[in-house]
Amino acid sequence: MQNALSLLNNLNPEQLRAVTFPNESALILAGAGSGKTRVLTTRIAWLLATGSVSPHAVLAVTFTNKAAKEMAHRLSTMVSANVKQMWLGTFHGLCCRFLRIHHRDAGLPENFRILDSADQLSVIKRLLKEWNIAESYIAPKALQGFINSHKENGLRANALTAKDEYHRHLIECFAHYDTRCRKEGVLDFAELLLRSYEVLQANEALRQHYQQRFRHILIDEFQDTNKLQYAWIKLLSAGGAAVFAVGDDDQSIYRFRGANVGNMSLLLKDFAICEPIKLEHNYRSHGIILKAANALISHNKNRLGKNLRTDSEDGEKIRFLSAENDYAESHFVIEEIQQLHRNGLNYNEIAVLYRNNAQSRILEQELFAQSIPYRIYGGLRFYERQEIKHALAYLRLAVNPQDNDAFLRIVNVPPRGIGAKTIENIQSYAVEEEISYFQAACQMAVRSPKIAAFINIIKELATQSAVLTLPEIVELAINNSQLIDYYQSQKTDQHERIDNLEELINAANAFRAEESGFMAVENPTPQAVLSVFLSNASLEAGEHQAGNNTDAVQLMTIHAAKGLEFDSVFLTGAEEGIFPSEYALAEKGGEEEERRLMYVAMTRAKKRLYISATLYRLLHGQSFYPVVSRFVEEIPDDFIHALSPIKHKEKERQLNDFIQNNHQNFDGFFIGENIRHEKFGTGVIINAIQKTDGSTNLLINFGSLGIKELNTHFAKDKLSKI
DNA sequence: TAGCCGATAGTTTTT
DNA sequence: CTATCGGCTA
């Protein structure tokens, strides 16, 4: 008991209340920087140390693999209980584990494969082609979104009713896609959850087993759960388990991906929780930053209500810069960074945040030019790189000859003379005979030495996979596929790609199947280990990035920054159209979601927060004169220190003067004239620049979308007079 | 079959 | 502007 009590040291009263809450369901409303992860981890440790529950009966769900690993690590230092007996992981990881154990009940092959988003998209493209549906009619991405969002809401094709012809086609494709995935023994991410849920629902014995087993279900980042995940938790906890959900409705920024903040109020109702426990003490940010963030988020209407407070001093005001253009903005950011670093701040205590990845380029150039070490998060992850996917596809096909997707990926990579025509033949033969592409190819290999060569590589790998260790078989796949030779001969990225392939062998060496949480049996065969390694790769986004320990400035999108904190934060591109993004604004509830994103960005900063906007930037090769973000206007003036005198109002006045003095005809248009654009809506022409070819570039103010520069020839049929 | 060129689109992202 | 993709030609 001494041990258990020491866990409670240094907790504040509200944290203490949450950690030692009785064995019943609770919702913890945990504000930014309020020690959310600590509370969740300590809660588990407390339950284990006091003997309230055995690790075997604990189910803990996190949002990322990284968070799960961190939690497992922290727990192992806090309690002596065998933490490995717990079910700890992401929703997807846990469902994968569940389906591995109960693959028969789920109607799955033992070595089922998980499709990541890119895999799923290529399956969809392949199928659309096979069904002779033009991609211009049904966009593959649109169908992917259609399928996933419905699955995330627990809906299959047969539960949908067609609203119109196009919708009916989407539903049909959805149904056919699912049929095909079943046949091929593959599951997309959403399917992992939906299938687990359906198995639990349909199989009473199984359901009762798990409902009895789990006594405590704990969920991190609860505001980011979707409908299906909520249903899954509800089903599993129906045997009387206590649900301990931790989240912050103000930091819900994944609605576009199916996250449903409404789950928080739903939980209160469904689990008869009288009142959420609020963690409102912020240990991260200086007073002004926090007050500014509170002021901003108070503009949102649908909140559960919570106000962060801090004991720390007010600190410095938020510095706001209105830069002339995007280069000037980067320049300013980098100069400030150098100054901070000269004053003794480590680079990795500095983050530069932006709304979209495209904004990172100019910053990167400038950082590179000034030889400041930096690290960009986002972009391609390790297991999403083509060279890695290619290498793994060899192994996947060796493990599972039914895997048509793996077959198509590598049948001619590196090029071995099996072109489109041959592949088409294999495909149509396979469809005719109702066999897999690989089997079809095997039968056709008798006549084609090229196909035979490919088949032999795969068969060799299949044979060896029964005897070799994981790193050995991975190495063999890389060697026999001759991928390294292939990348050597390529013009671009050779070194990076070859390095990555070598890194894959390292990853295989470091891989411990029993730690991945997917292993269902005690002494797995080499094939089983390989199979688990492969599915782990799909679920592992890749904390596999290099250069983790060097001192470098951190560049990332605001989304990627969630959960992190930095001494100094630069938020760039605070402009209407970029942040809030025009796409988001077009959606219902989009503005509030963008505001939450702003809230997340601001609350990342401990001591210093810089916000910058530009007066002019190039976007998609077009001139763009943005208006400063509404979110900046929503921060009370008292908290902002404006670094430059340039005001947007001033700029507007100049433009107005110009309009007054000009009545010239520009290629049929007048300054001050109202027009309508196909995409941007209505706007006012505020300036015109004549080109040598007789056309004119019109500066048009589209209101909240900002000012755009359009060419009269280029955009003629998109512009109409009102 | 493979490489090249022109057309086209162009948020946020973990699993 | 740039990355990606599909179609076309060598």
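Letters A, B, ... are given to chains in the order of the sequence lines, protein chains preceding strands, and every chain is numbered from 1. A quick note: this is a predicted structure, and the numbers were derived from the prediction, not measured. The basis for the numbers below is simple: all heavy atoms, side chains too, and nothing from hydrogens, waters or symmetry mates.
A heavy atom lying under 4.0 Å from DNA chain B marks the following residues of residues 185-198 of chain A, by number: A:F189.
The nucleotide whose nearest atom lies closest to any side-chain atom of A:S117 is, among B:dT13, B:dT11, B:dT15, B:dT15. For A:T422, taking side-chain heavy atoms from C-beta onward, the closest of the listed nucleotides B:dT1, B:dT13, B:dT11 is B:dT1. Minimum atom distance to the side chain of A:N412 is reached by B:dA2, of the listed B:dT13, B:dG10, B:dA2. Nearest nucleotide to the side chain of A:H92, out of B:dT15, B:dT11, B:dT13: B:dT15. Of the candidate nucleotides B:dT15, B:dT11, B:dT13, B:dT11 has the atom lying nearest to any side-chain atom of A:E594.
Using a 4.0 Å heavy-atom cutoff across all strands shown, A:S581 reaches at least one base atom of the nucleic acid. The residue A:F91 sits apart from the nucleic acid: no heavy atom pair falls under 4.0 Å. Residue A:Y583 is classed as a base contact, given a heavy-atom separation below 4.0 Å to a base. If you check every strand for non-hydrogen atoms under 4.0 Å, A:N357 touches sugar and phosphate atoms only.
Under the 6.0 Å distance and 45° angle rule, A:R100 counts as a cation-pi partner of A:F112.
Counting to the nearest Å, the P atom of B:dT1 and the CD1 atom of A:I451 are 10 Å from each other. Atom CG of A:L353 is separated from atom P of B:dT12 by 14 Å (rounded to the nearest Å). When the C1' atom of B:dT15 is taken as reference, atom CZ of A:F256 falls 12 Å away, rounded to whole Å. As a whole-Å value, the separation of A:L539 CG from B:dT15 P is 9 Å. Across the protein-nucleic acid pair, A:R416 atom CZ and B:dT1 atom P stand 13 Å apart, rounded to whole Å. Whole-Å rounding puts the A:H559 NE2 to B:dT13 C1' distance at 7 Å. Rounded to an integer number of Å, the gap from A:L564 CG to B:dT13 P is 13 Å. Rounded to whole Å, the distance from CZ on A:F63 to P on B:dT15 is 8 Å.
Mapping A:Y254 and A:G419 onto DNA chain B by nearest heavy atom places A:G419 at the nucleotide closer to the 5' end. When the nearest nucleotides of DNA chain B are assigned to A:I423 and A:A584 by heavy-atom distance, the more 5′-ward of the two goes with A:I423.
Residue A:R355 places a side-chain atom within donor-acceptor reach of the base of B:dT12, judged by atom type and a 3.5 Å distance cut-off alone.
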Report summary line: A correct 5'-to-3' footprint of nucleotides 1-10 of chain C, with B, S and - meaning base, sugar-phosphate only and no protein heavy atom under 4.0 Å, is BSS--S----

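Judged as a ring pair (Phe, Tyr, Trp, His ring centres under 6.0 Å), the pairs with a partner in residues 571-602 of chain A (not counting sequence neighbours) are, in order, A:F579-A:F631.
Donor-acceptor pairing under 3.5 Å is recorded for the side chains of A:N263 and A:N260.
Listed by chain and number, the residues in a salt bridge (Lys or Arg N to Asp or Glu O under 4.0 Å) with A:R126 are A:E184, A:D405 (sequence neighbours excluded). Here A:H103 pairs with nothing under the ring-ring contact (aromatic ring centres under 6.0 Å, His included) rule; sequence neighbours left out. Checked against salt bridge (Lys or Arg N to Asp or Glu O under 4.0 Å), A:R409 has no partners two or more places apart in sequence or in another chain. Taking the salt bridge (Lys or Arg N to Asp or Glu O under 4.0 Å) definition, one finds that A:E366 meets it with nothing, sequence neighbours left out. Partners of A:A67 under the side-chain contact (heavy atoms from CB on, under 4.5 Å) rule, at least two apart in sequence or in another chain, are A:T62, A:T64. Partners of A:D326 under the salt bridge (Lys or Arg N to Asp or Glu O under 4.0 Å) rule, at least two apart in sequence or in another chain, do not exist in this structure.
Considering every non-hydrogen atom in both A:A574 and A:V632, the closest pair reads CB-CG2, 3.9 Å.
To the nearest whole angstrom, the two C1' atoms, one in C:dG6 and one in B:dT11, are 24 Å apart.
Of the residues listed (A:D250, A:D248, A:D224, A:D220), the one engaging A:K562 in a salt bridge (charged side-chain N to carboxylate O under 4.0 Å, His left out) is A:D224, and it is the only one.
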